[in-house]
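In what follows, a single structure is set out as structure tokens and then discussed.
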2 protein chains.
Amino acid sequence: MNAAETQKTADFLKALGEFNRLSLVYELCRCESSQNAMCLCDCCSVDASVVSRHLKVLADRDIVMFDKVGREKTYRLNRNKVATQLRELADLIENEDCKRGHHDV
Amino acid sequence: MNAAETQKTADFLKALGEFNRLSLVYELCRCESSQNAMCLCDCCSVDASVVSRHLKVLADRDIVMFDKVGREKTYRLNRNKVATQLRELADLIENEDCKRGHHDV
DNA sequence: GCTATAATTGCACGATTGTGCAAATATGCA
DNA sequence: TGCATATTTGCACAATCGTGCAATTATAGC
């Protein structure tokens with residue numbers, strides 16, 4: 001695991017590891033269809049500008065995607081990508097093969 | 001998903017979402033046996049006190065466990081617990097059942 | 001007991017981060 | 001064109017966080 005990969009993974013986890021951002025992810029998780037940012041404001045009691053910034057952090061890391069419809073942006077959770085990244089990390093942590101000694105033989 | 005659970009999950013992800021802490025986790029991941037903190041210092045070039053604090057953060061969240069042997073503490077990764085938590089989150093995010101509408105019917 | 005080593009804690013500091021408010025920008029609609 | 005609404009951006013500020021150094025605590029071995 002090189003430093004760049006480690007940093008990227010840490011970045012991904014840090015993006016999810018903030019209360020309001022995780023609340024947004026959960027909120028989007030419950031939605032069948034895309035939700036605009038104003039609607040998402042309701043789930044965490046902070047200013048719209050804060051939600052905007054949090055959504056940008058999530059979008060920059062491909063955790064959420066958005067479509068621009070007129071003056072609104074509608075967001076949806078990147079379910080597969082997020083789930084895959086979490087599972088890959090889980091596999092790495094649990095997998096016996098990553099242990100030293102096996103490789104060194 | 002209530003606020004307390006969300007906060008707990010965010011806390012767990014935040015603990016993993018820092019470069020040096022994640023490096024420690026990866027380092028422990030590669031180890032068959034427990035490693036003492038001094039040995040772990042080598043994997044991230046920071047002061048021993050910093051490693052000590054990071055390990056405490058990880059231990060407080062059950063990400064790592066330790067045994068006290070004499071004046072040394074030997075750490076090991078809580079593989080199952082960490083992997084399980086990551087997979088549960090992945091499942092929640094991907095699972096169709098969490099979507100609104102399915103439950104409301 | 002004394003000394004050496006492992007680990008933690010107190011303290012200070014700089015950097016990052018989350019936040020609210022106000023202003024700016026973008027777009028739809030009359 | 002002018003107004004209303006959605007979103008972003010600039011700014012300031014408080015809080016959190018990661019860090020190094022020095023001092024402290026704990027324990028092994030002589």
Side-chain angles (χ1 to χ4, degrees), chain A residues 3-4 6-28 31 33-61 63-77, chain B residues 3-4 6-28 31 33-61 63-77:
Chain A
T6 302
Q7 184 63 67
K8 197 149 177 283
T9 303
D11 233 49
F12 167 74
L13 294 168
K14 185 180 287 186
L16 290 175
E18 198 276 332
F19 181 80
N20 283 324
R21 278 197 298 267
L22 190 58
S23 300
L24 286 168
V25 168
Y26 284 153
E27 182 65 24
L28 284 170
C31 299
S33 55
S34 300
Q35 296 290 314
N36 67 32
M38 287 304 97
C39 164
L40 291 167
C41 280
D42 300 338
C43 86
C44 47
S45 50
V46 289
D47 195 75
S49 66
V50 174
V51 172
S52 172
R53 273 185 266 251
H54 281 323
L55 287 170
K56 178 164 170 47
V57 169
L58 296 173
D60 285 348
R61 284 148 187 84
I63 293 169
V64 302
M65 304 180 72
F66 61 87
D67 293 302
K68 198 148 194 288
V69 182
R71 65 189 159 190
E72 293 182 6
K73 267 182 171 176
T74 64
Y75 290 85
R76 63 187 188 281
L77 189 54
Chain B
T6 302
Q7 183 64 68
K8 196 148 177 282
T9 303
D11 234 49
F12 166 73
L13 294 169
K14 186 181 287 186
L16 291 175
E18 198 274 333
F19 182 80
N20 283 324
R21 277 197 298 269
L22 189 57
S23 300
L24 287 168
V25 168
Y26 283 152
E27 182 65 23
L28 285 171
C31 300
S33 54
S34 298
Q35 297 290 314
N36 67 30
M38 287 303 101
C39 162
L40 291 168
C41 279
D42 300 337
C43 88
C44 46
S45 50
V46 290
D47 195 76
S49 67
V50 173
V51 172
S52 172
R53 274 185 267 250
H54 280 321
L55 287 170
K56 178 163 170 48
V57 169
L58 295 173
D60 284 348
R61 285 149 187 82
I63 294 169
V64 302
M65 304 182 72
F66 61 87
D67 293 304
K68 200 147 192 292
V69 182
R71 64 188 159 188
E72 294 182 7
K73 267 181 170 177
T74 63
Y75 290 86
R76 63 186 187 282
L77 188 54

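These numbers come from a predicted model, not from an experiment. Here is how names work: the chains are called A, B, and so on, in the same order as the sequence lines, proteins then strands, and each is numbered from 1.
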request  = Would you tell me if any nitrogen or oxygen in the side chain of B:Lys14 comes within less than 4.0 Å of OP1 or OP2 on D:dT16?
outcome  = no
ask   = Do the side-chain N or O atoms of A:His54 get closer than 4.0 angstrom to the phosphate oxygens (OP1, OP2) of C:dT19?
value =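 The answer is yes; a side-chain N or O of A:His54 sits under 4.0 Å from OP1 or OP2.
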Expressed as a whole number of angstroms, how long is the span from [X]:[atom1] to [N]:[atom2]?
X	N	atom1	atom2	result
A:Asp60	C:dT17	CG	C1'	15 Å
B:Asn20	D:dG18	CG	P	9 Å
A:Arg21	D:dT16	CZ	C1'	13 Å
B:Gln7	D:dT16	CD	P	12 Å
B:Phe66	D:dA26	CZ	C1'	14 Å
A:Leu13	C:dT17	CG	P	15 Å

key: Nearest-nucleotide 5' precedence on DNA chain C, A:Lys68 against A:Ser45   =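 Going by which nucleotide is closer to the 5' end, it is A:Ser45.
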query = Is any side-chain heavy atom of B:Arg61 less than 4.5 Å from a side-chain heavy atom of B:Lys8?
reply =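 Counting from C-beta outward, B:Arg61 and B:Lys8 never come under 4.5 Å.
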key: Spacing of A:Arg76 atom CZ and A:Met65 atom CE [to the nearest 0.5 Å]   = 5.0 Å
ask   = Taking A:Arg21 for the side chain and A:Leu16 for the main chain, is one N or O donor matched with an acceptor at less than 3.5 Å?
value = no
ask   = How far apart are the closest heavy atoms of B:Ser23 and B:Cys43, and which atoms are they?
value =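 Here B:Ser23 and B:Cys43 meet closest at O-SG, 3.9 Å.
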query = Looking only at heavy atoms, which two atoms of B:Leu55 and B:Val64 are closest? And how far apart?
reply =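 Shortest heavy-atom contact: O-CG2, 4.0 Å.
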Pairing of B:Asp67 and B:Lys73 as salt bridge, 4.0 angstrom limit = no
Could I get a table of every N or O pair under 3.5 Å where one atom is in the protein and the other is in nucleotides 5-9 of chain D?
| from | atom 1 | to | atom 2 | distance (Å) |
| --- | --- | --- | --- | --- |
| D:dT5 | O2 | A:Arg71 | NH1 | 3.2 |
| D:dT7 | OP1 | A:Lys73 | N | 2.9 |
| D:dT7 | OP1 | A:Lys73 | O | 3.3 |
| D:dT7 | OP2 | A:Met38 | N | 3.0 |
| D:dT8 | OP1 | A:Lys73 | NZ | 2.8 |
| D:dT8 | OP2 | A:Ser52 | OG | 2.3 |
| D:dT8 | O5' | A:Ser52 | OG | 3.3 |

